[in-house]
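For reference, the structure is listed below as structure tokens.
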Amino acid sequence: MTVAVGRVTLEHPVVNGSGTLDALAAEAAGLHVAAELAAVVTKTVTPLPRAGNPPPRIAETPAGMLNSIGLANPGIDAFRSTVLPRMRALGRPLVVSIGGFAPNQYASLAAALRDEDGIVALELNVSCPNVESGCLSIGSDPNETRSVTARCAEAAGDLPVWVKLSPNVADVGVMARAAEEGGADALVAVNTLRGAAFDRASGAPLLGGPGGGLSGPAVRPVALSAVAACRAATSLPIVGSGGVGSGQDALAFLDAGASAVAVGTAAFREPLLARRVREELAGLLAAGAGRPSRAESRARSAQPSTAA
Ligand code: SIN
């Protein structure tokens, strides 16, 4: 089950989506979720502490969930002094998600984290739809994406840089290529799809923040399409993210061109989901040994027929 995501070797292909797991709180509650993950991905850290968006911050929708958290986090200083040492003590590889409101903020975060032990990669969040500026405004512009990736790749030293892309763009392949040109090691595809919901009785928005992001099974086909587009546009390894709730779902992401998958929304109901996904995927891969991969099938169908 070992997979390589660029320079990072993972024990198996299942990680968590940034912001969907408080691994420390889970541990305190006796749920050893981190142990089930090939790497633990942190909530996005920004330069300064952020309280996040006003409540309500989540709302259920048919086959999905809307969130508008607004990048609530303690800021990089408290993250390094308080959170990171406890995350490190979990004994799992850490991927730290970083976000900001201008390219220099991402680069300063990368520089602050480059020499910290236990971190195997940085994930650039250029795709959060729930803040007024930064993040998605960077990730929906190929020049900004290329430039912020290049600045972080330089500032991060030997630390691999993954770029988390948004489905809220006309062509995610263009953003994937920009990240590759900027020196990304891997892509994470995708963050949430912009969404909104309104209370039937009052007509008021169900979320308190300025934006909302849809996740869960409803977005899986969107995420699979984005992974396939990234696969076609670049040669970077991809972590597929969006509605993974079973080994079968994970296999679909591998078929679309991903090397690993992130679980998120479904783990709110089933905290140890990562274990089930990994076990089901292992079974499916063993049962399907010899099944041509999507890439092999494509290559075969592209070859001229030699039949008489
Ligand atoms: C949030 O904090 O609003 C969600 C994180 C994200 O969409 O990247």
Side-chain angles (χ1 to χ4, degrees), residues 6 17-20 41-47 50 53 66-71 73 95-110 121-156 160-195 209-215 219 222-234 236-242 258 262 264:
S18 170
T20 65
V41 184
T42 71
K43 173 70 183 162
T44 301
V45 186
T46 54
R50 286 179 57 81
N53 289 338
L66 285 167
N67 89 78
S68 183
I69 309 299
L71 299 180
N73 79 96
V95 175
V96 178
S97 169
I98 59 174
F101 303 91
N104 66 327
Q105 295 191 354
Y106 287 81
S108 70
L109 290 163
L122 298 179
E123 179 179 287
L124 310 192
N125 182 350
V126 291
S127 44
C128 173
N130 305 333
V131 285
E132 307 267 16
S133 64
C135 277
L136 182 51
S137 71
I138 295 172
S140 48
D141 178 326
N143 293 326
E144 294 268 303
T145 298
R146 186 183 306 105
S147 150
V148 81
T149 306
R151 291 175 71 163
C152 286
E154 191 183 345
V161 168
W162 299 0
V163 179
K164 186 162 186 179
L165 298 173
S166 173
N168 303 294
V169 294
D171 186 348
V172 71
V174 169
M175 302 307 156
R177 218 173 296 123
E180 184 173 46
E181 287 162 3
D185 277 73
L187 303 170
V188 182
V190 283
N191 207 321
T192 54
L193 190 60
R194 258 197 185 119
L214 182 66
S215 59
V219 304
V222 175
L224 287 169
S225 153
V227 168
C230 292
R231 178 72 300 123
T234 77
L236 291 178
I238 304 163
V239 179
S241 163

With rounding to the nearest 0.5 Å, note down the distance linking CG in N67 to SG in C128. 7.5 Å
Once salt bridge (Lys or Arg N to Asp or Glu O under 4.0 Å) is applied, what residue pairs with a partner in residues 131-144 remain, sequence neighbours excluded? none
Let me confirm one number: the CG-OG1 distance from N130 to T192, rounded to the nearest 0.5 Å. 5.5 Å
With the side chain counted from C-beta on, respond yes when V126 and V148 share a heavy-atom pair under 4.5 Å apart, and no when they do not. yes
Applying side-chain contact (heavy atoms from CB on, under 4.5 Å) to N104 and not counting sequence neighbours gives A102, R151
By side-chain contact (heavy atoms from CB on, under 4.5 Å), S97 pairs with (sequence neighbours left out) S18, T42, T44, E123, N125
Which pairs count as salt bridge (Lys or Arg N to Asp or Glu O under 4.0 Å) when at least one residue sits in residues 175-188, sequence neighbours excluded? R7-D185, R146-E181
Which heavy atom in A258 sits nearest to a heavy atom in G240, and how many Å separate them? CB-N, 3.8 Å
Under the rule for side-chain hydrogen bond (donor to acceptor under 3.5 Å, both in side chains), what residues qualify as partners of S215, not counting sequence neighbours? T265
Between the OG atom in S147 and the CD1 atom in I138, the distance rounded to the nearest 0.5 Å is 8.5 Å
At their closest point, which heavy atom of I238 faces which heavy atom of C230, and how far apart are they? CD1-CB, 3.7 Å
Shortest non-hydrogen separation from N191 to K164 and the atoms involved: CA-CE, 3.8 Å
State, with a plain yes or no, whether a side-chain heavy atom of L136 is found less than 4.5 Å away from one of R194. yes
Closest non-hydrogen atoms of A262 and G17, given as atom of the first, atom of the second and distance, are CB-N, 3.8 Å
Under the side-chain contact (heavy atoms from CB on, under 4.5 Å) rule, collect the residues that match up with V190, sequence neighbours excluded. P167, A223, A226
What residues, two or more places apart in sequence or in another chain, satisfy side-chain contact (heavy atoms from CB on, under 4.5 Å) together with A156? A110, L122, L159, V161
T149: what forms a side-chain hydrogen bond (donor to acceptor under 3.5 Å, both in side chains) with it, not counting sequence neighbours? none
Shortest non-hydrogen contact from P47 toward G99: CD-O, 3.6 Å
Using the side-chain contact (heavy atoms from CB on, under 4.5 Å) rule, take T234 and L187 through it: C-alpha gap first, then chi angles, then the decisive distance, then the call. CA-CA 10 Å; T234 77; L187 303 170; 3.9 Å; yes
Heavy-atom pair with the smallest gap, counting every atom of M175 and S140: CE-O, 3.3 Å
Does any N or O in the side chain of S137 come within less than 3.5 Å of the main-chain N or O of S133, such that one atom is a donor and the other an acceptor? no
With no hydrogens and no angle check, is any side-chain donor or acceptor of N73 less than 3.5 Å from a backbone partner on L71? yes
OG on S241 to CG on L165, rounded to 0.5 Å: 10.5 Å
In sequence, state the C-alpha distance, the side-chain angles, and the governing distance for I98 and L124, and then conclude on side-chain contact (heavy atoms from CB on, under 4.5 Å). CA-CA 5 Å; I98 59 174; L124 310 192; 3.6 Å; yes
Sequence neighbours left out, what passes side-chain hydrogen bond (donor to acceptor under 3.5 Å, both in side chains) with S68? Give chain and number order. N53
